[in-house]
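Values reported hereafter were calculated over all heavy atoms of this structure, with side chains retained and with hydrogens, waters and symmetry mates removed.
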Amino acid sequence: IECVEATEDGSYGKFVVEEKTGGRRTVGIVGPWYPEGWPEPEIGWTILPQFQGRGYASEAASRALAFAYDELGWATAISAIFPGNDRSFKLAERLGARHEGATEIEPYGGLEIYRHLSPPDFHASRARRNEKWLAAAKEEAQLGQHPLSEAQAQQQQADTDQQWQPTGESVAAGDAA
């Protein structure tokens, strides 16, 4: 995942999500945006069909929320999702967001609004998920079923978190979630 920096005018674009293996193929775009006329700051995602269902959107959206809260100073975030996009509804819910209803947003029309957790609640939820993952990895390693030791799992998480750094590349804001 590569992140864009805020521009001189304070705007920013979504992040390019690339596959780590296989020659850096673009998977989609995910990230914060708050264009003029939008009701509130949003975390949006668009993943190419051939990469859907592999966890890219979930990982990238979680990191985008952390970036928006920690680096951009957002106190709240929504995801505006097209009606019938069940995969995006489920992803928003996995991230802890709650459905608030529908609203009209030009030029997109009616969109379903999901409210994400507040920054403190988001970080607490993310820490619990990481603890559960590390506990499962440790248990699997003890049983000889997991290829990573606990130390390797913790290092992999630290390496992944460190990779989430601005690149200075510019990406235009994409479609609504």
*Can you measure from CD (E19) to OG1 (T26) and round to the nearest 0.5 angstrom?*
10.0 Å
*With a 4.5 Å heavy-atom cut-off, do W45 and I29 have their side chains touching?*
no
*Are side-chain heavy atoms of K14 and V30 found at a separation under 4.5 Å?*
no
_A68 versus P32, closest heavy-atom pair with distance_ = CB-CB, 4.3 Å
*So, the side chain of E42 versus the backbone of A80: is there a donor-acceptor pair under 3.5 Å, distance only?*
yes
_Side chains of D86 and L91, heavy atoms from C-beta outward: is any pair under 4.5 Å?_
no
*Looking only at side chains, do T76 and H116 share a donor and an acceptor under 3.5 Å apart?*
no
*To the nearest 0.5 Å, tell me how far Y69 OH sits from W74 CH2.*
8.5 Å
*asked:* Any non-hydrogen side-chain atom of E18 less than 4.5 Å from a side-chain atom of V16?
replied: yes
*Could you tell me whether W38 and Y108 have their ring centroids closer than 6.0 angstrom?*
yes
*Are any non-hydrogen side-chain atoms of F51 and R25 less than 4.5 angstrom apart?*
yes
_Non-hydrogen atoms of P83 and G110 that approach each other most closely_ = CD-O, 3.2 Å
*Would you give the length of the straight line joining atom CD1 of I47 to atom OH of Y56, rounded to the nearest 0.5 angstrom?*
9.0 Å
*For the atom pair CZ (F67) and CD1 (I43), what is the distance rounded to the nearest 0.5 Å?*
9.5 Å
*Any P41 side-chain heavy atom under 4.5 Å of I78 side chain*: no
*To the nearest 0.5 Å, how far apart are CG in D121 and CZ in R126?*
14.5 Å
*Donor on one side chain, acceptor on other, S58 and R94, under 3.5 Å*: no
*Ionic contact status for R98 with E93, cut-off 4.0 Å*: no
*Is the side chain of E40 donor-acceptor paired with the backbone N or O of A77 at a distance under 3.5 Å, no angle test?*
no
_Gap between atom CD of E112 and atom CD1 of I81 - 0.5 Å precision_ = 8.5 Å
*Begin from the C-alpha positions of I105 and I113 and carry the test side chain to side chain contact (heavy atoms under 4.5 Å, CB included) through to its verdict.*
CA-CA 11 Å; I105 303 175; I113 302 299; 4.3 Å; yes
